[in-house]
Visitor: 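Sharing a structure below in structure tokens format, with a few things to ask.
Atom set for the values below is all heavy atoms of this structure, side chains included, hydrogens, waters and symmetry mates excluded.
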Amino acid sequence: TSSSLPVAYALKGHGEEAPGKDLASLISQQNIALNDLNLISAGEIPPDAGCLVVISPKKDITADEKELILNYLKSGGDMLLLTDYTGESMPNIAALMEDYGLSAVDGIIVEGDPNYCIKDYAYYLLPDINLHDITSPLMGKGYYVLMPVAQGITVGKDQPEGRSIFPLLSTSDKSFSKVAGYNMSTYEK
């Protein structure tokens, strides 16, 4: 019944993917407005930002953008960061992740256990869905999540104080990263 909707801002200017029709629809169904945000031209994250959405940037953010985002997050802001393997160095995005005890793995994840991937396509992952409020609608219903050509994210041993990390999807212990990325010629480790 509120006259103003919460607002999520999708970061633009680094080759980010546009939120797909399904994601945009899910956001809209939650009564959340979705607007674009170019931090270089805006110079700030709008005060009404309920969440910053960053979908698969192809280039790194600037140092100034990194500081704006870190300040936003440290002030209680939320961010949904989805990464893809690009082969590009992204030290500023890496610094954002590091502040939360996370790091992106170089390369593309290949699954060594055939129960966790599509037959003959070891880089089309079928990870375990871990129990969390976000994943609970998928639990016990026989659903799979398909993650083609995924970049790995590791959780550090020492977590920053006041921050919690909840892995939502996990590969098997036999998965590994192929640093050749899109140029890999074999699925062998």
Side-chain angles (χ1 to χ4, degrees), residues 8 10-11 14-30 32 51-60 78-91 93-160 163-189:
L11 190 65
H14 315 91
E16 293 89 351
E17 298 286 327
K21 186 173 83 171
D22 291 339
L23 178 59
S25 176
L26 288 170
I27 290 171
S28 175
Q29 288 173 21
Q30 297 298 315
I32 300 171
C51 181
L52 183 61
V53 179
V54 184
I55 303 175
S56 304
K58 305 297 181 264
K59 300 286 182 194
D60 199 12
D78 294 316
M79 179 172 67
L80 171 63
L81 173 63
L82 305 174
T83 64
D84 267 337
Y85 172 74
T86 63
E88 295 285 327
S89 174
M90 297 195 198
I93 290 176
L96 285 176
M97 294 176 70
E98 187 177 289
D99 201 54
Y100 282 81
L102 303 171
S103 60
V105 177
D106 191 26
I108 293 172
I109 299 301
V110 173
E111 183 55 70
D113 184 333
N115 295 313
Y116 285 81
C117 62
I118 291 182
K119 184 181 181 205
D120 298 328
Y121 297 96
Y123 54 90
Y124 273 62
L125 310 177
L126 296 170
D128 277 333
I129 303 170
N130 301 316
L131 183 59
H132 187 276
D133 288 344
I134 293 170
T135 59
S136 64
L138 303 173
M139 303 304 287
K141 297 181 180 172
Y143 289 126
Y144 289 95
V145 173
L146 176 63
M147 299 287 298
V149 194
Q151 179 180 36
I153 296 175
T154 58
V155 178
K157 291 180 180 156
D158 298 320
Q159 295 303 305
R163 303 214 170 107
S164 299
I165 305 295
F166 299 101
L168 301 177
L169 303 171
S170 301
T171 56
S172 80
D173 291 340
K174 295 181 180 179
S175 66
F176 55 92
S177 181
K178 292 288 281 191
V179 294
Y182 296 114
N183 296 318
M184 73 175 131
S185 57
T186 175
Y187 299 146
E188 299 298 317
K189 191 169 185 179

Visitor: Can Glu111 and Leu126 be said to form a side-chain contact (heavy atoms from CB on, under 4.5 Å), step by step?
Guide: CA-CA 9 Å; Glu111 183 55 70; Leu126 296 170; over 6 Å; no
Visitor: Under the side-chain contact (heavy atoms from CB on, under 4.5 Å) criterion, do Leu80 and Leu52 qualify, and how do the steps go?
Guide: CA-CA 6 Å; Leu80 171 63; Leu52 183 61; over 6 Å; no
Visitor: Using a 4.5 Å cut-off on heavy atoms from C-beta on, say whether the side chain of Val54 contacts that of Met79.
Guide: yes
Visitor: Just wondering, are more than 12 heavy atoms of other shown residues or ligands nearer than 6.0 Å to CZ in Phe176?
Guide: yes
Visitor: Run Leu125 and Leu146 through side-chain contact (heavy atoms from CB on, under 4.5 Å) and show every step you take.
Guide: CA-CA 6 Å; Leu125 310 177; Leu146 176 63; over 6 Å; no
Visitor: Between the side chains of Lys58 and Glu16, is the shortest nitrogen-to-carboxylate-oxygen separation below 4.0 Å, so that they form an ion pair?
Guide: no
Visitor: Do the side chains of Glu17 and Leu82 get nearer than 4.5 Å, heavy atoms only?
Guide: no
Visitor: Keeping the roles fixed (side chain from Thr83, backbone from Ser56), state whether a donor-acceptor pair exists under 3.5 Å.
Guide: no
Visitor: Which value, rounded to the nearest 0.5 Å, describes the distance between Ser136 atom OG and Leu131 atom CG?
Guide: 7.0 Å
Visitor: Within the structure provided, determine whether Ile153 and Met97 are in side-chain contact (heavy-atom separation under 4.5 Å).
Guide: yes
Visitor: Do you know which two heavy atoms are closest between Tyr124 and Pro148, and how far apart they sit?
Guide: CE2-CB, 3.5 Å
Visitor: Under 6.0 Å from the CD atom of Glu98, do we count more than 12 heavy atoms belonging to anything else shown?
Guide: no
Visitor: Keeping Gln30 on the side-chain end and Ile32 on the backbone end, is there a donor-acceptor pair under 3.5 Å?
Guide: no
Visitor: Using atom types as modelled and distance alone, determine if a side-chain donor or acceptor of Gln151 lies under 3.5 Å from a backbone N or O of Asp106.
Guide: no
Visitor: Taking all atoms of both residues into account, what is the closest heavy-atom pair of Tyr123 and Tyr187, and its distance?
Guide: CE2-OH, 2.8 Å
Visitor: Just wondering, do Leu11 and Val53 contact through their side chains at under 4.5 Å, heavy atoms?
Guide: no
Visitor: Find out whether Val105 and Thr154 are in side-chain contact, i.e. whether some heavy atom of one side chain is under 4.5 Å from a heavy atom of the other.
Guide: yes
Visitor: Quick check on Tyr182: does its OH atom have over 12 non-hydrogen neighbours (other residues, nucleotides or ligands) under 6.0 Å away?
Guide: yes
Visitor: Could you check if a side-chain atom of Asn130 sits within less than 4.5 angstrom of a side-chain atom of Leu169, using non-hydrogen atoms only?
Guide: no
Visitor: Between Ile108 and Ser177, is there a side-chain heavy-atom distance shorter than 4.5 Å?
Guide: no
Visitor: As an exercise, state the distance from OH of Tyr144 to CG of Leu138, rounded to the nearest 0.5 Å.
Guide: 13.0 Å
Visitor: What salt bridge (charged side-chain N to carboxylate O under 4.0 Å, His left out) pairs are there with at least one residue in residues 169-180, not counting sequence neighbours?
Guide: none
Visitor: If you take all heavy atoms of Tyr116 and Pro127, which pair is closest and at what distance?
Guide: CD2-CA, 4.4 Å
Visitor: Verify, without hydrogens or angle tests, whether Ser25 (side chain) and Asp22 (backbone) share a donor-acceptor contact under 3.5 angstrom.
Guide: no
Visitor: Do any N or O atoms from the side chain of Thr135 and from the backbone of Leu168 form a donor-acceptor pair under 3.5 angstrom?
Guide: no
Visitor: Minimum heavy-atom separation for Ile109 to Gly152, with atom names?
Guide: CG1-N, 3.4 Å
Visitor: Would you please test Leu81 and Ile93 for side-chain contact (heavy atoms from CB on, under 4.5 Å) and show each step?
Guide: CA-CA 9 Å; Leu81 173 63; Ile93 290 176; 4.2 Å; yes
Visitor: Show, in sequence, the C-alpha distance, side-chain angles and deciding distance for Ser170 and Asp128, and conclude whether the side chain to side chain donor-acceptor pair (under 3.5 Å) test is met.
Guide: CA-CA 5 Å; Ser170 301; Asp128 277 333; over 6 Å; no
Visitor: If you count heavy atoms of other groups shown closer than 6.0 angstrom to CE of Met147, is the number above 12?
Guide: no
